[in-house]
Protein chains: 2
Amino acid sequence: MSSETRLSSTSYIVLGLLDAAGEATPYDLKQTVANGLGAFWSVPHAQVYAEPERLAAGGYLSERREEEGRRRRYYRLTPAGQQALREWLAEPTDEMTELRDAGMLKVFFGADPKQMAAAQLPARRRKVAEYEALVEQIAGVAPPGVVLSLRAGIGHEREWVRFWSLVEQGEEP
Amino acid sequence: MSSETRLSSTSYIVLGLLDAAGEATPYDLKQTVANGLGAFWSVPHAQVYAEPERLAAGGYLSERREEEGRRRRYYRLTPAGQQALREWLAEPTDEMTELRDAGMLKVFFGADPKQMAAAQLPARRRKVAEYEALVEQIAGVAPPGVVLSLRAGIGHEREWVRFWSLVEQGEEP
DNA sequence: GGGTACATGTAATCAGTTACATGATTTA
DNA sequence: TAAATCATGTAACTGATTACATGTACCC
């Protein structure tokens, strides 16, 4: 275990996914992120390979490598990894992420709001529809937290639709 | 001008602020970000010093340095910088930022939603109150885009309050 | 049996974060 | 005048992004 292994959100995503999967390769994790979590917190391809290596070096994961063929790497949680995840889950947070919305940033610096509304609305409406279809599929079968985060996503996309619709109509949002 | 200077959101923030300020030091920019923009898109201290240097190397800014005392660096837009900013502003975007909310991430992986709601609600309510006070102060005097982005922030914080309130009451959000 | 798409990684670069450092100004 | 705080940066590190590269399976 190297001297200091800082655990970032990316780290906990890997730990959380491996906790659910039992044992998995980076590629498995990539797939899992793509189906679900990635909608509100994606992890780029290369990180999904780099992060388990870091975590293994820190003692949070054990690694088993195929001897032949593709020489895939299989990871699973060590007791230290399980404990780190449990502690992180048990600690509620009041941290608030910044909006960091690219369209809003342009408007802040003087871009035309109505034009921005016209560009944003179709994409936002598509997202709402997509998420609503998805939530119907998974409600009841997926873990409650997964459904909740999807509902959070729907709420925020609807808020954007509300906001840009008013802007489009020249009303005060 | 070095071969390739990629312009990121941080770059455009620096360009946008300098466009409004005329001429400014990194420290001036830091202050300006702290009052307003930083609420929905902050830029860390060290970046505010590093980015103008990069932009100057790329030909987007000109630099003038005090000969004495603190040897402050004063930056201003070059014509290339003005054009880059104008083009960026003129191009609407349908890009959608991921939520990346730390509390939701924990709930996704199994943290207790009610406990998270209890931690989140006070902070979210404070933000709403703070923003609402601020918008009353600046409405009418600040540029419209600045007011709009503040209203966007209010909308999203209210959405979080709505969401976590329902979770707290055990209802479906 | 040749092309295309999926699977599985590595390497290089770049941006963002943390930590450190020092001069100037205000206040006790 | 000593202490505290504001102003102004630099350096080192680490994590994230982009680009590259190759093997395998499937399909036409």
Side-chain angles (χ1 to χ4, degrees), chain A residues 2-15 17 21 23-35 37-38 41-58 60-61 63-75 95 97-98 100 102 105, chain B residues 2-15 17 21 23-35 37-38 41-58 60-61 63-75 95 97-98 100 102 105:
Chain A
S2 71
S3 53
E4 286 290 325
T5 305
R6 286 253 165 247
L7 297 179
S8 65
S9 296
T10 302
S11 313
Y12 289 110
I13 289 175
V14 170
L15 293 177
L17 293 175
E23 193 180 48
T25 70
Y27 193 80
D28 295 335
L29 298 180
K30 196 176 94 167
Q31 298 308 92
T32 313
V33 169
N35 307 327
L37 176 62
W41 201 316
S42 70
V43 182
H45 175 68
Q47 281 296 108
V48 168
Y49 286 89
E51 189 61 22
E53 204 175 320
R54 249 175 47 78
L55 290 173
Y60 299 99
L61 302 181
E63 180 182 341
R64 173 174 75 77
R65 189 151 193 182
E66 280 183 355
E67 285 303 320
E68 326 200 330
R70 303 203 164 185
R71 301 183 46 69
R72 290 184 188 84
R73 291 157 183 212
Y74 289 90
Y75 292 96
E95 195 188 328
T97 310
E98 295 166 3
R100 284 180 182 255
L105 188 61
Chain B
S2 72
S3 53
E4 286 289 325
T5 306
R6 283 253 166 247
L7 297 179
S8 65
S9 296
T10 302
S11 314
Y12 289 110
I13 288 175
V14 170
L15 292 177
L17 294 175
E23 193 180 47
T25 70
Y27 193 79
D28 296 335
L29 297 181
K30 197 177 94 167
Q31 297 308 93
T32 312
V33 169
N35 308 326
L37 177 62
W41 201 313
S42 71
V43 183
H45 176 68
Q47 281 296 109
V48 167
Y49 287 89
E51 189 63 22
E53 203 175 320
R54 249 173 48 80
L55 291 172
Y60 298 99
L61 303 181
E63 179 182 342
R64 173 174 75 77
R65 189 150 193 182
E66 279 183 355
E67 284 303 321
E68 327 198 330
R70 302 203 167 183
R71 302 185 43 69
R72 289 184 188 84
R73 290 157 183 212
Y74 289 90
Y75 292 97
E95 194 187 327
T97 310
E98 294 166 3
R100 284 181 180 253
L105 188 61

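So you know, we letter chains A, B, ... as the sequences are listed, proteins then strands, and number each from 1.
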Margin query: With heavy-atom distances below 4.5 Å as the criterion, would you say the side chains of B:Ser11 and B:Arg54 are in contact?
Written below: yes
Notebook entry, point to check: Taking only side-chain nitrogens and oxygens of B:Arg54, does any of them come within less than 4.0 Å of OP1 or OP2 of C:dA15?
Noted result: yes
Checklist line | Interatomic distance where CD belongs to A:Glu51 and C1' belongs to D:dT17 [whole Å] | finding: 15 Å
Notebook entry, point to check: To the nearest 10 degrees, what angle separates the axes at the start and end of the helix from C:dG1-D:dC28 to C:dA28-D:dT1, five pairs each?
Noted result: 20°
Notebook entry, point to check: For the pair made of CZ in B:Arg6 and C1' in C:dA15, what is the distance, rounded to whole Å?
Noted result: 14 Å
Item checked: B:Ser42 and A:Arg100, any side-chain heavy atoms less than 4.5 Å apart -> yes
Margin query: What is the separation between atom CG on A:Leu55 and atom P on D:dT14, rounded to the nearest whole Å?
Written below: 15 Å
Note to self: So, does A:Arg73 get its side chain near the phosphate of C:dT10, meaning an N or O under 4.0 Å from OP1 or OP2?
What the structure shows: yes
Notebook entry, point to check: Pick the nucleotide of DNA chain C nearest each of A:Tyr27 and B:His45; which residue has the one closer to the 5' end?
Noted result: A:Tyr27
Check: Can you check the A:Lys30 NZ to C:dA5 P distance for me, whole Å?
Finding: 15 Å
Note to self: Quick one, B:Val48 and B:Val14 - any side-chain contact, counting heavy atoms below 4.5 Å?
What the structure shows: no
Next item on the list: Calculate, to the nearest 0.5 Å, the distance between atoms CG and CD belonging to B:Leu7 and B:Glu51 respectively.
Entry: 8.0 Å
Note to self: Once you apply a heavy-atom cut-off of 4.0 Å, does B:Thr10 come out as touching a base, just sugar-phosphate, or nothing?
What the structure shows: sugar-phosphate
Next item on the list: Between B:Thr25 and A:Gln47, just flag the one whose closest nucleotide in DNA chain D comes earlier from the 5' side.
Entry: B:Thr25
Next item on the list: Mind calculating the distance between CG (B:Leu7) and P (C:dC14) to the nearest angstrom?
Entry: 14 Å
Check: Separation of A:Glu63 atom CD from C:dT8 atom P, in whole Å?
Finding: 15 Å
Item checked: Atom pair distance, as rounded to whole Å: CH2 in A:Trp41 and C1' in D:dG15 -> 14 Å
Note to self: As an exercise, state the distance from CZ of A:Arg64 to CZ of A:Arg72, rounded to the nearest 0.5 Å.
What the structure shows: 10.5 Å
Check: Given side chains that start at C-beta, do those of A:Tyr12 and B:Leu105 come closer than 4.5 Å, heavy atoms only?
Finding: no
Check: D:dG9, C:dG9, C:dT17: which one has an atom nearest the side-chain heavy atoms of B:Arg65?
Finding: D:dG9
Item checked: Euclidean distance, B:Tyr60 OH relative to B:Leu15 CG, rounded to 0.5 Å -> 8.5 Å
Check: What's the OH-P distance between B:Tyr49 and C:dA21, to the nearest Å?
Finding: 17 Å
